[in-house]
Student: 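Quick one: this structure, given as structure tokens, is what I'll be asking you about.
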Amino acid sequence: MRHISAIIASVVVAAFSVTAWAQPPTQQFQPYKGKPVPNFEIQDITGKKHRLSDYRGKVVLLNFWSPH
């Protein structure tokens with residue numbers, strides 16, 4: 001009986017996944033599309049300050065996280 005329940009659950013999850021994947025998103029979040037991103041300054045763990053404008057013309061990947 002456990003195997004049947006697990007198979008049914010897997011099929012249901014797969015069906016929902018395929019349905020969600022097959023439909024295009026209704027709206028994408030693009031707040032700065034076609035606009036310049038505001039300049040900002042951050043400080044790294046060594047105390048050095050970095051401005052976004054220092055990296056103009058380069059690809060920048062920002063990864064914000066918090067240990068809390």
Student: One pair to check against side-chain contact (heavy atoms from CB on, under 4.5 Å): His50 and Asp44. What are the steps and the verdict?
Tutor: CA-CA 8 Å; His50 301 270; Asp44 65 17; 3.0 Å; yes
Student: Quick one: CD on Gln43 to NZ on Lys48, what's the gap to the nearest 0.5 Å?
Tutor: 12.0 Å
Student: Are Asn39 and Arg51 side-chain neighbours, meaning at least one heavy-atom pair lies under 4.5 Å?
Tutor: yes
Student: Please report the interatomic distance CD(Glu41) to CG(Asp54), rounded to the nearest 0.5 Å.
Tutor: 8.5 Å
